[in-house]
Every structure is written in C-alpha cells, then in structure tokens.
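First comes the structure, then the notes that go with it.
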Amino acid sequence: MKSKLFFLICSLLLSLSAYAQTLEKMNWFNEPDKWSIDGNQLSMTVTPKSDYWRISHYGFTVDDAPFYYAEYGGEFEAKVEVTGDYKVRFDQAGMMIRIDHENYIKAGIEYVDGKYNLSVVVTHRTSDWSVIALEKPVESVWIKAVRRMDAVEIFYSFDDKEYILMRNAWMEANRPVKVGMMGACPDGEGFSVSFSDFSVKHLPDAVRTKWLETNK
C-alpha cells in the first residue's frame, strides 16, 4: 500500500514538473503587460500595434510582438491549441519557430477583412505570406509543426485528430531554434488569446538514424 502511494505521489510530482518545464520555465521576447499561466494554459492580452514582418510588399520591418518560447536543437514535433478573441484587421495568434530577426516562421489564425484565415508567414531576410480563408469563424485551431532536416511542415486541425498540411518551408538545418506561442495586433488596441497544451516532442535525427541503420 505504501509503495503504491509513493508511486502515485512521484507520478503527480512528475506531472507537475512537466507543466513547469513546458510553461513556467519558458522565456518572453517582448513580454506583454498582461499574461498568466494556469496549468497547461497560457493567456495574454496581445500588445497593441505590434507585429512580426520584414520589408517585402509593405516596405517596413517590425519585430515587437509578444512571443513566449523555449529553445530546442535538432528535429522535433511541436503542437498547440490557439483560441483568440480577434477583433480588427490583422489580429493574429499561433506558433512561431525562430532563429533570429531575419529567419522565422509564424503560423496560426489571422483575422483579415472580416474573415478568419489560416495564415503562415515565412521570413528569410524578407517575409512572405500565405493564407487559407475559412468559411466561418472557429472557436479554436490546433497548429502542429514538424521540423525535419532543413524543412518545417506546418499542419492545422480543428479537432486535434485530423491534421492537414498547409505549408512546407525551408529552415536552416542544425541550428537551435526558439519555439513557442505568439500573438500580434498591428492595427488594433490588443485582444485576448489563450494557448493550451503546448508541447514539443523530440524526433530522432533523420540523417543519423539512416546512417546507423546502414552501418550496423
């Protein structure tokens, strides 16, 4: 009986430690004025007049929106559920994978012209933007990113079961990256967003795995 109780206590402590490792010990880049963590959920009010974009089409560069992240090397699968109270043009929230101010990918929901859009911005010195317009607003969306060698695949889901690929983008291999949750509000006065069940799962290095298999 005592051994079972000890095991349960250890399991609980490990579970709490996992939450702390995932959220409590992460870092802010451009910390917003209001944010909180409750269990496995991060909530924040997105900083007004903030965004991530470099040069192309608009002719300006901005790098001042809130981003809550941890740093990872190697290959991985990252996933998060995003729920936002989008209000005005270009309100956006989702996941970001970032090397530095000239190299990053952000993906999630972006509110444009009264519609919800699945949005991906890929930046390598200059930014590009791809969107998939949704027929109706959605309560939340799951974003998943899989980094393999020099590519990142971005998927979306509305039920955390069926994931659909929406972008395959280049990102330099063998460079540590910052992975986490971001929100931006270029036009408005801020909005509320929450991120749930953020996780990053290590994947064995594909090149090394192949080498090991062929050199047994």
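The closest side-chain heavy-atom distance from Ser127 to Tyr58 is not below 4.5 Å. Using a 4.5 Å heavy-atom cutoff, the side chains of Ile109 and Leu134 are in contact. Between Glu135 and Lys115, the closest side-chain pair of non-hydrogen atoms is not below 4.5 Å. Contact check for Trp129 versus Val120: no side-chain heavy atoms found under the 4.5 Å cut-off. Side-chain contact between Asp128 and Thr126 is absent, with no heavy-atom pair separated by less than 4.5 Å. At least one side-chain heavy atom of Ile37 sits less than 4.5 Å from a side-chain heavy atom of Glu24. The side-chain heavy atoms of His202 and Phe76, taken from C-beta on, include no pair separated by under 4.5 Å. When side chains are defined from C-beta on, Met44 does not count as touching Lys34, because their heavy atoms never get closer than 4.5 Å.
Hydrophobic clustering (side-chain heavy atoms under 4.5 Å, transitive across Ile, Leu, Val, Met, Phe, Trp, Tyr) keeps Met171 apart from Met96. No continuous path of ILVMFWY side-chain contacts below 4.5 Å connects Val62 to Ile55, so the two sit in separate hydrophobic clusters. Tyr72 and Leu42 fall within a single hydrophobic cluster, where Ile, Leu, Val, Met, Phe, Trp and Tyr side chains are chained together by heavy-atom contacts under 4.5 Å. When hydrophobic clusters are built by joining Ile, Leu, Val, Met, Phe, Trp and Tyr residues whose side-chain heavy atoms come closer than 4.5 Å, directly or via intermediates, Ile164 is not grouped with Val131. Residues Leu118 and Leu165 are members of separate hydrophobic clusters, defined by side-chain heavy-atom contacts under 4.5 angstrom among Ile, Leu, Val, Met, Phe, Trp and Tyr.
Here the shortest heavy-atom pairing between Pro204 and Thr209 reads CB-OG1, 3.7 Å. Looking at every heavy atom in both residues, Thr45 comes nearest to Ser192 through OG1-OG, 4.2 Å. Here the shortest heavy-atom pairing between Tyr111 and Val88 reads CD2-O, 3.3 Å. Of all non-hydrogen atoms in Ala107 and Met166, the two that sit nearest each other are CB-CE, 4.2 Å. Ala151 and Asn168 get closest at one heavy-atom pair: CB-OD1, 3.7 Å. Ser50 approaches Val46 most closely through the heavy-atom pair OG-CG1, 4.2 Å.
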(request) Check step by step if side chain to side chain contact (heavy atoms under 4.5 Å, CB included) holds for Glu110 and Phe90. (result) CA-CA 6 Å; Glu110 186 160 355; Phe90 302 138; 3.5 Å; yes
(message) Please determine whether side chain to side chain contact (heavy atoms under 4.5 Å, CB included) holds for the pair Ile154 and Ile105, giving the CA-CA distance in whole Å, both sets of side-chain angles, and the decisive distance to 0.1 Å.
(response) CA-CA 9 Å; Ile154 306 293; Ile105 299 169; 4.3 Å; yes
(request) Report the C-alpha separation of Arg98 and Asp63 in whole Å, then their side-chain angles, then the decisive distance to 0.1 Å, and conclude whether the salt bridge (charged side-chain N to carboxylate O under 4.0 Å, His left out) test is met. (result) CA-CA 12 Å; Arg98 177 184 174 100; Asp63 202 55; 2.7 Å; yes
(request) For salt bridge (charged side-chain N to carboxylate O under 4.0 Å, His left out), just list the numbers for Lys210 and Glu213, CA-CA rounded to whole Å, side-chain angles, deciding distance to a tenth of an Å, and then say yes or no. (result) CA-CA 5 Å; Lys210 183 177 180 181; Glu213 288 176 351; over 6 Å; no
(request) Check the pair Val138, Phe158 against side chain to side chain contact (heavy atoms under 4.5 Å, CB included), reporting the backbone distance first and the verdict last. (result) CA-CA 8 Å; Val138 293; Phe158 299 123; 3.9 Å; yes
(message) Quick one, Ile97 with Val152, criterion side chain to side chain contact (heavy atoms under 4.5 Å, CB included). Give me CA distance, side-chain angles, the key distance, then yes/no.
(response) CA-CA 9 Å; Ile97 302 171; Val152 176; 3.8 Å; yes
(request) Tell me, with the steps shown, if Tyr116 and Tyr86 meet ring-ring contact (aromatic ring centres under 6.0 Å, His included). (result) CA-CA 9 Å; Tyr116 284 52; Tyr86 313 100; 5.5 Å; yes
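With Ser194 as the partner, the side-chain contact (heavy atoms from CB on, under 4.5 Å) test is satisfied by one option alone out of Asp85, Val82, Thr83: Thr83.
Every side-chain contact (heavy atoms from CB on, under 4.5 Å) that Ala206 has, sequence neighbours left out, goes to Glu75, Arg148, Met149. By the ring pair (Phe, Tyr, Trp, His ring centres under 6.0 Å) test, His124 is found to be paired with Trp170, residues two or more places apart in sequence or in another chain being considered. Legend: residues meeting ring pair (Phe, Tyr, Trp, His ring centres under 6.0 Å) with Tyr69, ordered by chain and number and at least two apart, are Phe67. A search for salt bridge (Lys or Arg N to Asp or Glu O under 4.0 Å) contacts involving Lys79 returns Asp160, not counting sequence neighbours. Under the side-chain contact (heavy atoms from CB on, under 4.5 Å) criterion, Asp38 pairs with no residue, sequence neighbours left out.
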Do any side-chain atoms of residues 176-188 form donor-acceptor pairs under 3.5 angstrom with protein atoms, and if so which ones, sequence neighbours left out?
from	atom 1	to	atom 2	distance (Å)
Asp187	OD2	Arg89	NE	2.8
Asp187	OD2	Arg89	NH2	2.9

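Judged by distance alone, with hydrogens and angles left aside, the side-chain atoms of Asp64 form a donor-acceptor pair with the main-chain N or O of Asp51 at under 3.5 Å. A donor-acceptor pair under 3.5 Å is formed between the side chain of Asn30 and the backbone N or O of Ala65. Between the side chain of Asn215 and the backbone N or O of Leu212, no donor-acceptor pair lies under 3.5 Å. Remark: side-chain polar atoms of Tyr68 are paired, donor with acceptor, to backbone N or O of Leu23 under 3.5 angstrom.
Note that CH2 of Trp35 and CZ of Phe195 are 13.0 Å apart. Values are rounded to the nearest 0.5 Å. In this structure, CZ on Arg54 lies 7.5 Å from CZ on Arg125, to the nearest 0.5 angstrom.
When the shell of 6.0 Å around CG of Asp33 is examined, it contains 12 or fewer heavy atoms from other residues, nucleotides or ligands.
Cation-pi check for Lys144 over Tyr163 is met; the charged atom lies under 6.0 angstrom from the ring centroid and within 45 degrees of its normal. Relative to the ring axis of Phe191, Lys87 does not place its NZ or CZ within 45° and under 6.0 Å from the centre.
Here the two rings, on Trp142 and Tyr156, have centers that are 6.0 Å apart or farther.
Between Glu153 and Arg167 there is no salt bridge, since no side-chain nitrogen of the basic residue lies less than 4.0 Å from a carboxylate oxygen of the acidic one.
Side-chain contact annotation: Asn117 with Ser119, donor-acceptor N/O pair under 3.5 Å absent. Residues Glu162 and Ser157 have side chains that never bring a donor and an acceptor to within less than 3.5 angstrom of each other.
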